[in-house]
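The analysis underlying the following values was restricted to heavy atoms, covering all of them including side chains, and did not include hydrogens, waters or symmetry mates.
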2 protein chains.
Amino acid sequence: MRDIADKLGVSSVTVSKALNDKDGVSGELKEKIKVLAVQMGYRYNAAARSMKEGLTHNIGVIIPERFTGPTQSFYVRVFQRITKHLEDQGYYGILHILNVEDEEELILPKLYSDNKVDGFIVLGQVSKEYIELVQSMDVPKMFLDFYDEHSDIDSVVTDNFYAAYELTNVLVQQGHRRIAYVGNLYSTSSIQDRFLGYYKSLLEHRLPMDQNLVLNDRDERGTFIEIDLPEQLPTAFVCNCDQVAHLLVQKLTSLGIQVPAQCSVVGFDNDIYATLSEPKLTTVEVDVEQMARTAVHSMLKKIDNPSRSFGRVHVKGNIIYRDSVSAAPALSDDASN
Amino acid sequence: MRDIADKLGVSSVTVSKALNDKDGVSGELKEKIKVLAVQMGYRYNAAARSMKEGLTHNIGVIIPERFTGPTQSFYVRVFQRITKHLEDQGYYGILHILNVEDEEELILPKLYSDNKVDGFIVLGQVSKEYIELVQSMDVPKMFLDFYDEHSDIDSVVTDNFYAAYELTNVLVQQGHRRIAYVGNLYSTSSIQDRFLGYYKSLLEHRLPMDQNLVLNDRDERGTFIEIDLPEQLPTAFVCNCDQVAHLLVQKLTSLGIQVPAQCSVVGFDNDIYATLSEPKLTTVEVDVEQMARTAVHSMLKKIDNPSRSFGRVHVKGNIIYRDSVSAAPALSDDASN
DNA sequence: CTGAAAGCGCTTACAG
DNA sequence: CTGAAAGCGCTTACAG
């Protein structure tokens, strides 16, 4: 405010009034001040007002953990771990659920312009344009559970590539030769990396890669679509997530195909769908705790020293063995295409 | 701080040092200051430090809405609506997920002692002891989706009583005479009120109330238990929530009983389990939007004027008609006991 | 070990 | 319409 005032040769009182649309400033001057504020990238200091007013303009919302329950989404669980680690460091997490419109219209959280936070953690892939917008913010930021090849962002991600590789290896070891991958390769980096891990396993075992066995599960905006099964069914499916695996199992079952006797299915994420499926899914569990801890500690280091950068940090996942995989049915020489 | 300093005849600098465990204060004095601070109910002014340091000690966590997805828990959805209304009023919501241990050991969120918020909204029933603890906080508070008969708290709740009454009426109108209620009456006030609404419908239609048709679904801590079906099956079940209805439908189906042909089932909440069930559940949808709006506006009025009180505010629910109800099977005079 | 002074960035009440 | 002054509650750097 002082800077704006000096530049315009007015007092900070006038600037304050203008920015708050209060009386006592001429309309013309008000406009000029507002424009300059934007130009100079001025952000309101909420703490100063808080102190003055004796109000924080924050409301605590308490939800008992048990009500966020087993159905809680993966990211809510991650958020919970993040806040835990933040609290240990004397910090708080303010959750901002970014809605579809704001993402499309490239609108930053008001949290930012109100200067309510020292940094941002973005949890879950956003559009390329939104990544760039986030990058333009003048505070440290960390990206969690995704990365972008083209931007130089600090991110913490599960090592999807190796996890999918290992998971596919499990299937190969069980004698499977015709293995499908289910996921839209152009949707998220996670899905891509998991696909590549799957592919690496095929390569390593000298199994042919059949484009007809790469099945689409969603459009590019993430909405699920009906999965088109190939005419000649594979003996195993590597699904990019448990939810899709769940849907696939339902579909197979409704077609009279037994899982895992006739067809093995593996998922990813170890979320509610993994245990909700019948049979329960063999899948990969993301190390939520480790991811949250890494993200928080990196963030705090960046707050201390904004020039620090971490690049892409990988966190290992763990395979959870359940009941959706069995040995491949006796070979009928399918694999020879 | 000043007050503490005056009372002890020292300076506020000394108090600051003592409270922050910094050097430059004798151990003895430090102790005395800390004890007095607690006695006087001193709470740290985080805004003042923020201003001084230029740090807010908050981190924004951004989660794209689509990733909180359809599986998101009911309360997360409510939280989202709450923050929306808060933002419209220049406020922010800080989510605190209260874990089981803190609730049992009666530990308040650090948010409170750090003076990071102007008030609290408690979303979801907590223990009587915790309610009292919350009540003891020196800021406005609102309770959402539950109330306590014995405490004089401001709460916003769905009109469970009438919704259950109307839902049971639907069953009666379809010719059902032997209708069971599923839920532990001693678990939450919602379950109790829904039961009473069910009972009112029975009374009004002169149907006998059979204690054997009140089925337990969980222990008092909320953990689900196997539902004990009565020997003579009712023709309809009013379940206290969709999740239990979902479990019940699965159980009935596995026993070879067709829903709704042989047995109708209704749920409550219209959450993910309502559409996940086969058949999809007829249920009651809570008016999340209205509840969130009421809670936020009441809260802000209380911040303006702490002596305001609202008591119990009811918000109507809507019945959602789906496929889990049909006319009662032809009577075999079961109802005569 | 203790404290007086300055300052963080804003707003409010008042004077011009 | 504009601005000088005071103050919100803390911490830091410095003097004693």
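- Both A:A48 and B:V13 sit near DNA chain C, but only B:V13 has its closest nucleotide nearer the 5' end.
- Minimum interatomic distance between B:Y130 and B:E103 (heavy atoms only, all atoms of both residues): CD1-O, 3.6 Å.
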Watson-Crick or G-U pairs under 3.5 Å in DNA chain C, rendered as dot-bracket with [ ] for crossing pairs and | for another strand: |||.||||||||.|||
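- B:I4 CD1 to B:M40 CE: the interatomic distance, rounded to the nearest 0.5 Å, is 5.5 Å.
- Applying the ring-ring contact (aromatic ring centres under 6.0 Å, His included) definition to pairs two or more places apart or across chains, those involving residues 87-110 of chain A are A:Y91-B:H57.
- For DNA chain C, the span of nucleotides reached by chain B at under 4.0 Å from its heavy atoms goes, 5' to 3', from C:dC1 to C:dG9.
- Taking each heavy atom of A:A292 and A:V78 in turn, the nearest pair found is CB-O, 4.4 Å.
- Here the closest heavy-atom approach between residue A:I59 and residue B:V117 is recorded as C-CG1, 3.7 Å.
- Residue B:K110 qualifies as enclosed at atom NZ: its count of foreign heavy atoms under 6.0 Å is above 12.
- Taking B:F146 as the reference, B:F143 meet the ring pair (Phe, Tyr, Trp, His ring centres under 6.0 Å) condition, with sequence neighbours excluded.
- Pairs of residues two or more places apart, or lying in two chains, that qualify as side chain to side chain donor-acceptor pair (under 3.5 Å) and include a residue from residues 31-44 of chain A are A:D21-A:K34, A:R43-A:N115, A:Y44-A:R49.
- Considering B:K301, B:K141, B:K302, B:R308 as possible partners of B:D154, the one that fulfils the salt bridge (Lys or Arg N to Asp or Glu O under 4.0 Å) test is B:K302.
- Remark: A:K22, A:Y42, A:Y44, A:N45 in residues 22-47 of chain A come within less than 4.0 Å of DNA chain C through at least one heavy atom.
- No more than 12 heavy atoms of other residues, nucleotides or ligands sit less than 6.0 Å from atom CD of B:E28.
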